[in-house]
2 protein chains.
Amino acid sequence: MSESSKLMQKPTHHNCDTCDVRHKAMCAAVDAEHTDQLRAIVSHRDYAPGQVIFEEGDPADYAFNISAGEVRLCKLLPDGRRQVTGFLTPGDFLGLIADSAYAYGAEAIGQVELCCIQLSNLERLLSDIPPVREKLLSMSRDELAAAQEQMLLLGRKTAREKIVSFLLYRHKHLGRTEGDASIDLPMSRVDIADYLGLTIETVSRTFTALREEGLIELPHPHHVIFPNLDAVRDAAEAG
Amino acid sequence: MSESSKLMQKPTHHNCDTCDVRHKAMCAAVDAEHTDQLRAIVSHRDYAPGQVIFEEGDPADYAFNISAGEVRLCKLLPDGRRQVTGFLTPGDFLGLIADSAYAYGAEAIGQVELCCIQLSNLERLLSDIPPVREKLLSMSRDELAAAQEQMLLLGRKTAREKIVSFLLYRHKHLGRTEGDASIDLPMSRVDIADYLGLTIETVSRTFTALREEGLIELPHPHHVIFPNLDAVRDAAEAG
DNA sequence: AGCCTCGATTGAGCCACGTCAATAATTTCC
DNA sequence: GGAAATTATTGACGTGGCTCAATCGAGGCT
């Protein structure tokens, strides 16, 4: 919505050699021999907070890797109801297509840097470098498993369980350092609500309830501290 | 639960040459030249209604193609709550793994015939025959798109919209013949409820409401007729 | 046919979460 | 730093779908 076109910071990931998600991303499967081929076909783009990367149904020409920042994937109903189907973080692959159109919309949450590759070039890369297609297949397997897990959450968990599962997932997969029992939540309450199939009010109330029970601390709406991680884990799947 | 080990009908799909889902399944991408290789590594199994094919977390050694019948995929919470993450029909691929274990459980709904292939053999097939891996990649893309659509349904649709969307999906993808405005629902109300994130009572009440409005006819709990398909489509995404 | 079992339907009441509305906190922008 | 805009929290109340419980109906078995 708000264009917020402030001066962008100097991008630091616009080079395969210095890219610090290289080990996580699809590119990890590109061996030294093919690095030049990769460098030749990727380009880079920056996105401001809230900016639309592509919309559901747009003709798909590019696929992306997240270099920096976080992206939300959205699906909409005609009347405006929204489901956030995932949050992507650096190293994640972006660009699922169905019938040569994007199957969901994608929007930058904060500042985002993407590594872009034309689909025709990606296909060539896939046939040229077997490890790359293996990596991509394994990534889409993981994505599918995560989607199934999210269906379980959406269909069968209570609001409290949804929030706790979400927080634990973030901690497990995005925890900054080992032993740091805290996480950042760069997305808004609306995003969290639309991801968990709740309203912002229920999200907010649940955060407050967890804080009052001592399960979490909320020094800031976008930062959560776990004083006792095991207690949180117990709350995840038990009434 | 009930073993129902009655005499099985003579299987009719235990042969690649006479297999009538050949054109839909992964095998469609196997050219004439490799058909012998395929035949050599597939085996077949029959399952009785309700029989477990594998459970979530089982060590994964085989992948499957559905030759006949319908399969439900299930995920469970520790306290028994269940989410059905999908219904698979003839031609569908079965055997998503995460960390060499099945990511969900699979159970036969009615009589089911599966075409089985060891994962090690499947991998060889994938590297030997490029069209097969392409087909598999495109199938998992479709599966992922369907999962996203299901998240939208689970997170944001009303009970009524869920049922109508479900019925229309079945009609679109499994309609028997062109112009036949009716569908079969081989699964129980419990399965439907666990698929849509509802209870059996709500499923039943919603069917009754749709019948009373004239949107559907229910000559039998497992058969639905649409007197006016367009009216049903209107109901899918509008209050 | 008659009994039994299991699945589906229907009813009555309740509650978790949604809605609507006001306030508080945080960020943005000058 | 301060005003305005945006986002988050809190409160009061309503409701869609869940729970608990009874009834109905379709097969299967003898």
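Quick note on labels: first sequence line is chain A, next is B, and so on, each numbered from 1.
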Worksheet item: Whole-Å distance between D:dT9 C1' and A:Ile216 CD1?
Response: 13 Å
Fill in: Closest non-hydrogen atom pair between B:Gly91 and B:Met139, with its separation
O-CE, 3.8 Å
Fill in: Atom pair distance, as rounded to whole Å: CZ in B:Phe207 and C1' in C:dT9
12 Å
Item to complete: Applying side chain to side chain contact (heavy atoms under 4.5 Å, CB included), run through B:Phe54 and B:Phe64 and close with a yes or a no.
Response: CA-CA 11 Å; B:Phe54 54 77; B:Phe64 308 88; 3.7 Å; yes
Item to complete: Check ring-ring contact (aromatic ring centres under 6.0 Å, His included) between A:Phe226 and all other residues, then give those that pass, not counting sequence neighbours.
Response: A:His171
Fill in: Set of residues satisfying ring-ring contact (aromatic ring centres under 6.0 Å, His included) with respect to A:Phe93, sequence neighbours excluded
none
Worksheet item: Shortest non-hydrogen contact from B:Leu154 to B:Gly197?
Response: CD2-N, 3.8 Å
Practice prompt. For A:Arg189 and C:dA25, give me the distance from atom CZ to atom C1', rounded to whole Å.
Written response: 12 Å
Worksheet item: Got a sec, which pairs hit salt bridge (Lys or Arg N to Asp or Glu O under 4.0 Å) with one end in residues 195-210 of chain A, sequence neighbours left out?
Response: none
Discussion item. Just the rounded figure in Å: distance from P of C:dC17 to CD1 of A:Ile192.
Written reply: 16 Å
Worksheet item: Among residues 195-205 of chain A, which contact DNA chain D at a heavy-atom distance under 4.0 Å?
Response: A:Glu201, A:Ser204, A:Arg205
Worksheet entry | Worked check of side chain to side chain contact (heavy atoms under 4.5 Å, CB included) between A:Leu73 and A:Leu94 | CA-CA 9 Å; A:Leu73 308 182; A:Leu94 171 61; 3.5 Å; yes
Worksheet entry | Nearest-Å distance for atom pair CZ/P, residues A:Arg160 and C:dA16 | 12 Å
Discussion item. Has B:Arg81 got a side-chain atom pairing as donor or acceptor with A:Arg156's backbone, closer than 3.5 angstrom?
Written reply: yes
Practice prompt. Could you tell me whether the side chain of A:His44 and the main chain of A:Cys115 form a donor-acceptor pair under 3.5 Å?
Written response: no
Discussion item. Output the rounded distance in Å from CZ (B:Arg81) to C1' (D:dC18).
Written reply: 13 Å
Give me the distances for all protein-to-nucleotides 24-26 of chain D N/O pairs that come in under 3.5 Å?
none

Worksheet item: In whole Å, what is the span from the CG atom of A:Asp191 to the P atom of D:dT7?
Response: 10 Å
Could you list the donor-acceptor pairs under 3.5 angstrom formed between side-chain atoms of residues 210-220 of chain B and any protein atom two or more places apart in sequence or on another chain?
unit_1   : atom_1 : unit_2   : atom_2 : d
B:Glu213 : OE1    : B:Arg160 : NH1    : 3.1
B:Glu213 : OE1    : B:Arg160 : NH2    : 3.2
B:Glu213 : OE2    : B:Arg160 : NH1    : 2.8

Discussion item. Does anything in residues 149-159 of chain B come within less than 4.0 Å of DNA chain D? Heavy atoms only, and list the residues if so.
Written reply: B:Thr158, B:Ala159
Discussion item. Tell me whether the side-chain N/O atoms of B:His222 come closer than 4.0 Å to OP1 or OP2 in C:dG7.
Written reply: no
Practice prompt. Ignoring hydrogens and angles, tell me if any N or O in the side chain of A:Gln83 forms a donor-acceptor pair with the backbone of B:Gln148 under 3.5 Å.
Written response: no
Fill in: Listed partners of A:Ser43 passing side-chain hydrogen bond (donor to acceptor under 3.5 Å, both in side chains), at least two apart
none
Discussion item. If I take atom NE2 in residue B:His223 and atom P in nucleotide D:dG27, what distance separates them, rounded to the nearest angstrom?
Written reply: 14 Å
Practice prompt. With a 4.0 Å heavy-atom cut-off, tell me which residues in residues 208-215 of chain A come close to DNA chain D, sorted by residue number.
Written response: A:Thr208, A:Arg211
Response to the item:
Here the salt bridge (Lys or Arg N to Asp or Glu O under 4.0 Å) pairs for residues 62-78 of chain B, sequence neighbours left out, are A:Glu149-B:Lys75, B:Glu56-B:Lys75, B:Glu70-B:Arg170, B:Arg72-B:Glu107, B:Arg72-B:Asp191
Fill in: Listed partners of B:Asp184 passing salt bridge (Lys or Arg N to Asp or Glu O under 4.0 Å), at least two apart
B:Arg176
Fill in: Difference in axis direction between the ends of the helix from C:dA1-D:dT30 to C:dC30-D:dG1, five pairs, 10°
50°
Item to complete: Check whether any side-chain N or O of A:Gln150 sits under 3.5 Å from a backbone N or O of A:Tyr195 as a donor-acceptor pair, and report yes or no.
Response: yes
Discussion item. Determine whether a donor-acceptor pair (N or O, by modelled atom type, separation under 3.5 Å) exists between the side chain of A:Ser204 and the backbone of A:Ile200.
Written reply: no
